[in-house]
There are 2 protein chains.
Amino acid sequence: MCRTCGCSFRSRDFGNIERFIEPCILLLLSKSPSHGYGLIEDLEKHCDERVDIGYLYRTLRRMEKDGWVESDWEENEAGPDRRTYTITQEGKDFLRTAATSLIRTDKLIQRFLEGYQKNYQNNKNV
Amino acid sequence: MCRTCGCSFRSRDFGNIERFIEPCILLLLSKSPSHGYGLIEDLEKHCDERVDIGYLYRTLRRMEKDGWVESDWEENEAGPDRRTYTITQEGKDFLRTAATSLIRTDKLIQRFLEGYQKNYQNNKNV
DNA sequence: AATACTATATGATATTATCATATATGTGTA
DNA sequence: TACACATATATGATAATATCATATAGTATT
């Protein structure tokens, strides 16, 4: 149930990028190393969505524990120092696996949408 | 971390139907009322995947609490009685919302896959 | 009587996601 | 100098989602 207004719509949103955050992060890092705050901005630019910043930082630490990324502190004269993340070989391998999974997800969603639109055209009031 | 073998691959799978289980159930129920065990088989047929049966039952009860479906016991001479679920108007409304979200998700995934394949073609070893 | 299939349900726990808040550096400005 | 603001990382508390195992029971088959 939605915590904000108590309605029956779950806070869970089937369209949010959080559900695919790891592959998206890995894809960005496969282009060039980056840090948490930078990734937030990249994700927003690419996905038109502001990811919860606390969740992103925790996700990055978890991904490091999992061996998909590595991090080092980078000095930053223009502001606070940054923890810069680099993708590892394991991370690249996982990215490939995730891409395969997402191809499958994409097919599932398209199958769903076809079924839905078919019902809609048949005037089934759905 | 994967509980079965302890590897760093999360049990979380970006391709599984559990991530879109509610819209899929609602779509099936919008065609005709059904019961848990029947839905499991339908989902397997449509999505080539066996959903965890305990999870499905709990999801159905949650959806009922949320007002998306209603249930009644139906006598079954050929086996144990069945709890038959029917979609409500609220469920139909949510199905429409979910479809919109999934169109967005589909676009996000395709954008991701385009980016990924572009990297792959450029021989970036990802 | 034992086994298999159908059918629903829940205990225990792990994982994922959200919301709020703490801390600190540098820049601009009142 | 004091303050607000953007950048930057982190974590406490809690809610929501997902997994795995197990319990219970009716009907059919061997």
Just the rounded figure in Å: distance from [atom2] of [N] to [atom1] of [X].
X       : N      : atom1 : atom2 : answer
B/Tyr37 : C/dA4  : OH    : C1'   : 10 Å
A/Glu77 : C/dT27 : CD    : P     : 9 Å
B/Ile40 : C/dA7  : CD1   : C1'   : 11 Å
A/Tyr57 : D/dG12 : OH    : P     : 17 Å
B/Ile53 : C/dC5  : CD1   : C1'   : 12 Å
B/Arg62 : D/dA16 : CZ    : P     : 10 Å
A/Glu75 : D/dT7  : CD    : C1'   : 16 Å
A/Asp81 : C/dT25 : CG    : P     : 10 Å

- request: Go through C/dT8, C/dC19, D/dA10 for me and flag the one nearest to the A/Arg83 side chain.
  value: D/dA10

field: Residue A/Arg61, side-chain atoms from C-beta onward, closest of C/dT8, D/dA8, D/dT11
entry: D/dT11

query: Pick one: which of A/Leu56, A/Val51, A/Leu95 meets side chain to side chain contact (heavy atoms under 4.5 Å, CB included) with A/Ile25?
result: A/Leu56

query: When you check the side-chain N and O atoms of A/Ser30 and B/Asn119, is any donor under 3.5 Å from an acceptor?
result: yes

task: Go through the side-chain N and O atoms of A/Glu64 and A/Ser71 and say whether any donor and acceptor fall under 3.5 Å apart.
output: yes

task: Step by step, work out the side-chain contact (heavy atoms from CB on, under 4.5 Å) result for A/Trp73 and A/Arg82.
output: CA-CA 6 Å; A/Trp73 283 99; A/Arg82 297 159 165 172; 5.6 Å; no

query: When all nucleic acid strands are considered with a 4.0 Å heavy-atom cut-off, which category describes B/Gly38: base, sugar-phosphate, or nothing?
result: nothing

- line: Ranking A/Ala78 and A/Gly54 by the position along DNA chain D of their nearest nucleotide, the one closer to 5' is A/Ala78

statement: On DNA chain C, more 5' by nearest nucleotide between A/Asn76 and A/Asp52 is A/Asp52

message: If the threshold is 4.0 Å, N to carboxylate O, is there a salt bridge linking B/Asp48 and A/Arg111?
response: yes

- prompt: Checking only heavy atoms, does the side chain of B/Arg58 share a donor-acceptor pair with the base of D/dT19 at less than 3.5 Å?
  reply: yes

